[in-house]
Amino acid sequence: MAELLDDHPTLSTVPAAAGEPDPPESPPPLDETARARALLAAQPVTEGHAELPGSLDPEDLPPVRAAEAGAQLWSLHTEPDEGVVGTLRRIDSVRALVAACPEDLRLAYTTSELAHARNCGRVAALLGPVGWTALGGSAATLRAYHALGVRAVNLPRFDRFARDAVREMNRIGLAVDLSGADQDTVRRALAVTRAPALLTRAAPETLPDDVLGLLGENGAVLMVTVTDDPAAVADVLDRVRTEAGPHCAGVSHTTAPALGYVPLFAELLRRGWTAQELVGLAHANATRALRETEFLSRANRIRPAAA
């Protein structure tokens, strides 16, 4: 019996029957570019900075954007002399833009609506950030912007009103955008805010390592501009990942929409970024920060409004 078992050919040594096709070969592993393309098809990017087109010409709508974009924060920055009226005009223009492109864009005021827009094949449009000078030093103006759907305000400097404004933003659910702030302003704002900050146009190279560490502890998201040099952008994101943590990496916008985000994500795959970290970079980190801002606001609703 032992001899019969010893002489019996194994499955791997049994010759294929005459006329039978050879078993199919395993497909070759996907290269980084193919993997990046597949990831972004399933996990579109939330961009921290989108600009209104020069005019709402129907021939130029919808505005050119990267194919991988799934949500955008629309900048409401105005010139200092435009003030509140200029900001209201921009809000009205974004609403008109969305109304003109119903098959492409959908306004979103919450993270749930952001996800719903993406599930419906639309790009979610979020209002903000508003420029600091458009507040006019008034918490009432801050609350009025929130009521109109604004979800982020830029804070480039820190004074007594800024301290009170950050607390009020936490209370009502406005994200604090620290784009353009120097390191002292970042430190002081992080000491006050209880919600994660955003840097919708982050410049990590202007911030020392210890400040990046503070941003990491806050859960802030540094949304980095993507250029046509993926290696240079990957260097910046590698530093964010090292000093602040992968949960703090995000995307601001791309200066080359035709190239999109695939070259950058392929480069990061080559550098050892995991799929989970890249999903965070694409949209999950920004969504998490916005969601935590919403949750904090709900917990604070019983507190009285600032004067």
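Note that these values count all heavy atoms, side chains included, but never hydrogens, waters or copies made by symmetry.
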### Message
Test your reading of the model: is there a side-chain donor-acceptor pair from Thr46 to the backbone of Ala286, 3.5 Å cut-off?
### Response
no
### For Ala197, all residues meeting side chain to side chain contact (heavy atoms under 4.5 Å, CB included), sequence neighbours excluded
Leu178, Leu190, Asn218, Ala220
### Query
Does Pro204 offer a backbone N or O that forms a donor-acceptor pair with the side chain of Arg239 under 3.5 Å?
yes
### Message
Looking only at the aromatic ring of each residue, does the gap between the centers of Trp132 and Phe158 stay below 6.0 angstrom?
### Response
no
### Message
Any donor-acceptor pair under 3.5 Å linking the side-chain atoms of Glu294 with those of Thr111?
### Response
yes
## Note on the structure
The complete set of ring-ring contact (aromatic ring centres under 6.0 Å, His included) pairs with one or both residues in residues 181-227, sequence neighbours excluded, reads none
### Residues Asn300 and Ser297: side-chain donor-acceptor under 3.5 angstrom
no
#### Entry: Heavy atoms from other residues, nucleotides or ligands near CZ of Arg271 exceed 12 (cutoff 6.0 Å)
yes
### Task
Check for a donor-acceptor pair, side chain of Arg151 on one end and backbone N or O of Tyr109 on the other, with a separation under 3.5 Å.
yes
### Query
For His253, which residues count as a ring-ring contact (aromatic ring centres under 6.0 Å, His included) partner, sequence neighbours excluded?
His49
### Query
So, Arg122 side chain and Pro102 main chain: donor-acceptor pair closer than 3.5 Å or not?
yes
### Task
For Asn154 and Asp177, indicate whether the former's side chain and the latter's backbone hold a donor-acceptor pair under 3.5 Å.
yes
